[in-house]
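Not measured: the values here are computed from a predicted model. Only heavy atoms go into these numbers, but all of them, side chains included; no hydrogens, no water, no symmetry mates. One-based numbering, in listed order, for ligands and for the atoms of each.
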Amino acid sequence: MSLLLILSLVFLLSWNVAAAGDDDQQKAFVQCLSNSTSVASNISNIVYPSDNPSFSSILEFSIRNRRFDTPTTPKPLVIVTPRNVSHIQSAVLCAQSHNLQLRVRSGGHDYEGLSYVSPRPFVVLDLIQMSNITVDVANRTAWVQSGATVGQVYAQVGKSSNTLAFPASVCNTVGIGGIVSGGGYGTLLRYAGLAADHVADVQVVDARGRVRDRASLGEDVFWAIRGGGGNTFGIVVAWKFNLVTVPETVTMFSVTKTLEQGPTKYLAKWQKIADTLPNELLIRIVMYKAVNPVTIAVVFNCLYVGSKDKALSLIQESFPELGVTPEVMFEMTWAQSTIQFAGVNGTTLDSLESRTPVKDVIYFKAKSDYVTKPIPDSAMDGLLKMMMQDGIEQPYVIFTPYGGKMAEIASNSIPFPHREGNLFKIQYLVYWKEDSEEVSNAHMKWIRDVYDYMGSYVSSNPRAAYINYRDLDIGENMNSSTGGNGTTAYQQAKVWGVKYFKGNFERLVKIKTAFDPTNFFSNEQSIPSLGAGKEGQTTSSNSSSSASAPSGDSDGGNNAGNETQSGDNNAGNGTQSGDVGQGDNNTNNNNNNGTQIGGVGQGDNGNSTTQTSASVVVRYGPRSYYYLVLLFLVLFI
Ligand code: FDA
């Protein structure tokens, strides 16, 4: 009995003392930030400790996956929403000096929640207030801050010119900071490649709090930052993009085949031609379970970068089996086509820019594969059958064709390696709504079973994957939670690293080691630094030291002579207004009439505002000291 009492006491003391440790870290971090006059003068608008009444609504604003928004999900000690570069510098330096991990969030779409969840005590740097976009039509470039969404960029480019475009995601709500850090593909991938292929310059805050540009970073780091993964080399504040030229008119069309129409023969034909078509034509396939009646809808979503006449003759010649007629083809500007593909509520470019939290965020899990030789009909039939499995709410499988520009760019041009030789990329996705462990396990099992089933038909050695479809099933660093040394992390990282980066992984490790030797920027799938003795930590872990946070009021005059914006950056520039929710799709699962254009995602384009709900804050703190005290108590009471 007395032993039981002692153990209970030990547990309670351990928990409270650890929480007190986190409270101290939280207070010290906030104090450190307020040493910067720039932060101090804005503190109530940019610094949100976990007991701030706005904390939960700010945290939840950009969460896209309910798997990482539960009562037991670790929460940050503080959220910082910087409005200028000096705020970011302060956050980096203060996080280091107080041994806190920093997670940076732009759009919050990370599939595994890595931009707002960490197993170690952490702060979130949320760039939502930094979304300035400046389009230079004459030079066909744009400077874009990382906190902007892809939709905001599309809208600004579209409003500036009918003949300029930006090749990024299919979905408008994705954040620029994360998507470009991992590549970023959209409907122009066969025409122009990835978003990361078009980066001309950057503004980055490094682990020492310095503001760097392409010239001061050097070409190695500039290479790595264009696709080597987010939260790995520094905080990318802004990107300069080379825009691409498009005709004033593009053409969209869409055709759906259902199980009853024997989709396998269409899929077989598509596999033969999709990667060999002219660069201007994209035929992307979205397969999902439709209801009323229950079937699998196989939707061929097409974009032709050119006129309807040319599109019609090309599709009738190359894929007559689809039965495309002029009536299902629509001409529009490229910017208008992005509204259709994203399935946004609305028809104007303004609707692309709106940013509100998703109403009723649901659970999802995704995985990816690359295909280098056609998948046999029998395997395709098996995949369709798995999609019909009872109890699986919203399964999706998406085929994105490669070839075109994707095959013309060398596989080591940027870290994203999936170029020539790939026929198409697969994304497997599954969504569910119930708050039930059983339902959750069933859906997670389903997608893992599908992935296992497809193993014989996709790329191997390595089985390649797309980093922006983050999947912790394929491997995870040891460093983030267990404090493994550099060698261990390298071996662990190689498992997932070669899948995402193939031969570019080793170069990324070398660059990371030289640029961020203490591995300050890290997460479960960040490139390891071989120089990090204690990974994820700085060499100084003195929590009482005061950081050398910049004290200037502006950006501290620290732009390293580059040409990026250094002003106050759009404080209150409307990023929280508007009425588009997740907006990526609109697939209501009952559409088998050939009209579906949007990609997939969470559906509901909610018009709601976020519910501010009390959240249980689960904190993890450095406890070794307290355990020693407790051991003493146990031994001597
Ligand atoms: P988020 O803010 O979660 O960041 C993702 C990662 O990048 C995190 O590790 C984060 O720390 C890091 N990061 C963010 N900002 C950074 C910065 N400024 N500097 C350094 N690191 C930073 N992809 C695609 O290519 N084409 C598509 O069409 C789509 N569509 C799509 C739809 C939906 C609904 C989702 C949920 C996702 C996609 N994606 C996608 C995948 C998307 O590209 C991927 O999730 C991106 O990482 C999201 O970037 P965010 O900034 O939104 O995420």
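Each of the atoms 19 (N), 20 (C) of ligand 1 lies under 4.0 Å from some heavy atom of Gly234. When each atom of ligand 1 is checked for a heavy atom of Ser146 under 4.0 Å away, the hits are 18 (N). Atom numbering of ligand 1 starts at 1 in the shown order; those under 4.0 Å from a heavy atom of Gly175 are 49 (O), 50 (P), 51 (O), 52 (O). Close contacts between ligand 1 and Ser169 involve ligand atoms 26 (N), 27 (C), 28 (O), 29 (C) [criterion: under 4.0 Å to a heavy atom]. In summary, the atoms of ligand 1 found under 4.0 Å from a heavy atom of Leu127, numbered by their order in the structure, are 18 (N). Atoms of ligand 1 lying under 4.0 Å from any heavy atom of Gly230, numbered from 1 in the order shown and given with element: 7 (O), 12 (C), 21 (N). Each of the atoms 28 (O), 30 (N), 31 (C), 32 (C) of ligand 1 lies under 4.0 Å from some heavy atom of Cys171. Atoms of ligand 1 lying under 4.0 Å from any heavy atom of Val170, numbered from 1 in the order shown and given with element: 27 (C), 28 (O).
Geometrically, ligand 1 and Gly178 share a nitrogen or oxygen pair separated by less than 3.5 Å. At least one N or O atom of Ser106, backbone or side chain, sits closer than 3.5 Å to an N or O atom of ligand 1. Polar contact check, Tyr185 against ligand 1: a nitrogen or oxygen pair lies under 3.5 Å apart. Residue Val236 has at least one N or O atom closer than 3.5 Å to an N or O atom of ligand 1. Of the N or O atoms in Ser115, one or more lie within a sub-3.5 Å distance of an N or O in ligand 1. Geometrically, ligand 1 and Ile235 share no nitrogen or oxygen pair separated by less than 3.5 Å.
Ligand 1 has Arg470 within reach: a non-hydrogen atom of the residue lies less than 4.0 Å from it. Heavy-atom separations between Gly182 and ligand 1 are all 4.0 Å or longer. Residue contacts with ligand 1: Tyr466 is included, with a non-hydrogen atom under 4.0 Å away. Distances shorter than 4.0 angstrom do not occur between any heavy atom of Arg103 and any atom of ligand 1. Every heavy atom of Ser62 sits 4.0 Å or more from the atoms of ligand 1.
In this structure, Met406 and Asn422 have side chains that are not in contact, with every pair of non-hydrogen atoms separated by 4.5 Å or more. Side-chain contact between Gln525 and Arg470 is present, with at least one heavy-atom pair separated by less than 4.5 Å. Side chains of His418 and Tyr402 form a contact here, defined as non-hydrogen atoms less than 4.5 Å apart. Contact check for Ile527 versus Phe505: side-chain heavy atoms found under the 4.5 Å cut-off. Residues Leu114 and Arg103 meet the side-chain proximity criterion, which asks for heavy atoms closer than 4.5 Å. The side-chain heavy atoms of Tyr48 and Leu59, taken from C-beta on, include no pair separated by under 4.5 Å.
Ring to ring, Tyr466 and Tyr370 are not that close: their centroids are 6.0 angstrom or more apart. Checked against the 6.0 Å centroid criterion, the rings of Phe521 and Phe233 do not qualify as a close aromatic pair.
In this structure, Lys365 pairs ionically with Asp471, as a charged nitrogen and a carboxylate oxygen lie closer than 4.0 Å. Salt-bridge formation is detected for the pair Arg105/Asp126: a Lys NZ or Arg NE/NH1/NH2 atom is positioned less than 4.0 Å from an Asp or Glu carboxylate oxygen.
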Residue pair Gln145, Gln203: steps toward the side chain to side chain donor-acceptor pair (under 3.5 Å) verdict: CA-CA 9 Å; Gln145 288 186 319; Gln203 186 187 36; 5.6 Å; no

Determine whether Ser411 and Glu420 satisfy the following criterion, side chain to side chain donor-acceptor pair (under 3.5 Å), listing intermediate values before the conclusion. CA-CA 7 Å; Ser411 60; Glu420 195 180 10; over 6 Å; no

Yes or no on side chain to side chain donor-acceptor pair (under 3.5 Å) for Tyr116 and Asp69, after CA distance, side-chain angles and deciding distance? CA-CA 10 Å; Tyr116 52 90; Asp69 189 17; over 6 Å; no

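Relative to atom 51 (O) of ligand 1, the option among Gly107, Gly184, Gly186, Ala238 with the closest non-hydrogen atom is Gly107. Relative to atom 33 (C) of ligand 1, the option among His109, Gln427, Gln145 with the closest non-hydrogen atom is His109. Closest heavy-atom approach to atom 38 (C) of ligand 1 within the set Asp110, Thr187, Asn523, Val174: this belongs to Val174. Between the choices Val104, Asn231, Asn65, the shortest heavy-atom distance to atom 10 (C) of ligand 1 belongs to Val104.
In this structure, Ser529 and Thr513 approach most closely via the heavy-atom pair OG-CA, 3.5 Å.
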